[in-house]
Number of protein chains: 2
Amino acid sequence: MEEHVTETAPHPFDPAIEILLDRAEQFCADRRTRLTDIRRLVLGLILQSSTPVGAYDLLDRLRDQHRGAAPPTVYRALDFLADQGLIHRIERLAAFVGCGHMLECDHGGHCGHRAQFLICKRCGATQELEDRRIGEALSDAAARAGFAVEQSTIEIEGICAACRTMPEDAGSKLRAVAPRVG
Amino acid sequence: MEEHVTETAPHPFDPAIEILLDRAEQFCADRRTRLTDIRRLVLGLILQSSTPVGAYDLLDRLRDQHRGAAPPTVYRALDFLADQGLIHRIERLAAFVGCGHMLECDHGGHCGHRAQFLICKRCGATQELEDRRIGEALSDAAARAGFAVEQSTIEIEGICAACRTMPEDAGSKLRAVAPRVG
DNA sequence: CTCTGGTCGGTTATATTATAACATTGTCTG
DNA sequence: CAGACAATGTTATAATATAACCGACCAGAG
């Protein structure tokens with residue numbers, strides 16, 4: 001059978017992303033978990049994309065740098081990254097984005113409870129919010145129903161500010177790709 | 001080539017559900033759409049369940065009363081019912097529930113924009129909310145971001161009031177099946 | 001150092017959810 | 001009835017996700 005050489009260039013991403021990846025690695029180390037090569041690659045690929053990425057898209061891209069990757073390879077990495085709070089799953093898109101708070105090292109790794117996402121139907125980009133009022137209104141409503149909240153999914157679909165300012169037919173889907181985190 | 005006898009008992013559901021189905025039929029008629037036999041069956045099956053139902057579960061149940069049903073049969077019915085605002089899709093579960101406002105004939109058929117769902121992890125039941133404060137907080141936050149909202153998905157997972165009052169090991173998954181709408 | 005237990009990832013197969021595409025049948029309307 | 005459009009039948013396949021089992025590797029205990 002094949003030798004599973006992981007043909008990973010040591011730092012295949014933009015410097016800005018590598019910095020985030022280094023921080024993520026440190027974050028994991030602090031929590032006694034490991035951001036392994038595969039996990040780091042997957043996280044990098046997600047951060048590199050301007051829009052949420054599906055698992056199989058991710059798999060295709062991963063294969064460029066890691067031969068022999070299969071669906072479980074990607075899903076395991078995604079599960080890990082989500083557990084650590086480094087990424088979010090956008091339910092409506094069955095796709096993944098980096099957590100907008102990855103940088104803020106004071107978050108407990110569980111910002112997932114209260115994040116909200118604005119999903120643009122035109123350009124596909126998502127923006128992460130963490131609106132206090134939404135969170136509170138939601139907690140209150142749940143409390144009134146006697147309901148113990150564990151996790152919430154709040155996803156708002158519509159048209160983003162950038163896309164609203166340009167005509168519908170403009171090639172907004174082709175706008176420059178840039179990391180969306182920050 | 002089979003003869004496609006639709007072996008539908010005229011009123012296979014509980015009287016309480018049949019009443020809802022009759023109203024739904026009238027609601028559709030008012031909007032110049034048709035709640036056909038298949039659509040009515042699918043809606044009935046959804047209303048009959050105490051928990052959200054997956055499309056393929058629905059397909060299995062549908063086949064008892066409608067031979068030859070295939071995935072598109074179910075998905076077309078689901079698309080129609082969702083378009084009419086008679087059901088909601090719970091994204092986190094990839095499953096469907098009746099709209100809690102189906103009865104209130106003053107709703108424009110598009111309550112979907114602002115509904116929230118409490119999903120119990122223990123018993124699987126969902127409760128539909130329509131909390132004004134959540135909706136407003138959300139609209140405000142979106143407006144501040146310059147975002148034009150078209151649809152929102154708000155799903156809260158946790159433990160419902162009923163399940164919280166009983167020990168974890170109680171067979172809460174087996175509680176009596178009763179229509180959840182109302 | 002070596003053993004050992006657990007984590008990580010490879011590999012194959014399959015489950016689950018959803019849609020494409022085209023043919024056929026049904027229904028309304030003039 | 002004829003024509004148009006809506007609804008459904010039918011077959012095939014796409015897209016997303018997990019099960020199950022195995023071997024490699026690593027970290028800590030002794």
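Naming: A, B, ... by sequence-line order, numbering from 1 per chain. These figures come from a predicted structure and were not determined experimentally. In what follows, every heavy atom counts, from backbone to side chain, and hydrogens, waters and symmetry copies are set aside.
- The nearest heavy atom of DNA chain C to B:Ala95 and to A:Ala77 marks one nucleotide each, and the one closer to the 5' end goes with A:Ala77.
- Side-chain nitrogen and oxygen atoms of A:Thr36 include none within less than 4.0 Å of the OP1 or OP2 phosphate oxygen of C:dT7.
- Note on A:Arg39: only backbone sugar-phosphate atoms sit closer than 4.0 angstrom, heavy atoms only; bases stay farther off.
- For the pair B:Asp60 CG and C:dA15 C1', the interatomic distance rounds to 14 Å; values are reported in whole Å.
- Computed from coordinates, the A:Arg92 CZ to C:dT17 P distance equals 18 Å when rounded to whole Å.
- One can place CZ of B:Arg63 at 12 Å from P of D:dT10, the figure rounded to the nearest angstrom.
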Below 3.5 Å between N/O atoms, which protein atoms pair up with nucleotides 18-21 of chain D? Just atom names and distances, please.
residue, atom, partner, partner atom, Å
D:dA20, N6, A:Arg76, NH2, 3.2

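- Here the side chain of A:Gln116 pairs a donor or acceptor atom with the backbone of A:Asp131 at under 3.5 angstrom.
- Without hydrogens or angle criteria, A:Glu91 side chain to A:Thr153 main chain gives no donor-acceptor distance under 3.5 Å.
- Taking a cutoff of 4.0 Å between a charged side-chain nitrogen and a carboxylate oxygen, A:Arg40 and A:Asp22 qualify as a salt bridge.
- Taking atom CZ on B:Arg34 and atom C1' on C:dC28, their separation rounds to 8 Å, with Å as the unit.
- Comparing A:Ala55 and B:Ala70 along DNA chain D, the residue whose closest nucleotide (by nearest heavy atom) sits nearer the 5' end is B:Ala70.
- Rounded to an integer number of Å, the gap from A:Ile38 CD1 to C:dT7 P is 17 Å.
- Side chain of A:Glu18 to main chain of A:Phe13: a donor-acceptor pair is present (N/O by atom type, distance under 3.5 Å, no hydrogens or angles).
- The residue from A:Arg92, A:Lys121, A:Glu155 that alone fulfils the side chain to side chain donor-acceptor pair (under 3.5 Å) condition with B:Gln151 is A:Arg92.
- A straight line from CG of B:Leu59 to C1' of D:dG9 spans 13 Å, rounded to a whole angstrom.
- Atom CZ in B:Phe96 sits about 9 Å away from atom C1' in C:dT17, given to the nearest Å.
- Under the 4.5 Å side-chain heavy-atom criterion for grouping Ile, Leu, Val, Met, Phe, Trp and Tyr, B:Ile17 is not connected to B:Ile19 through any hydrophobic cluster.
- For B:His66, taking side-chain heavy atoms from C-beta onward, the closest of the listed nucleotides D:dA7, C:dT17, D:dG9 is D:dG9.
- For the residue pair A:Arg63/A:Thr73, the side-chain donor-acceptor check at 3.5 Å is not satisfied.
- Rounded to a whole Å, the CD atom of B:Gln84 is 14 Å from the C1' atom of D:dA7.
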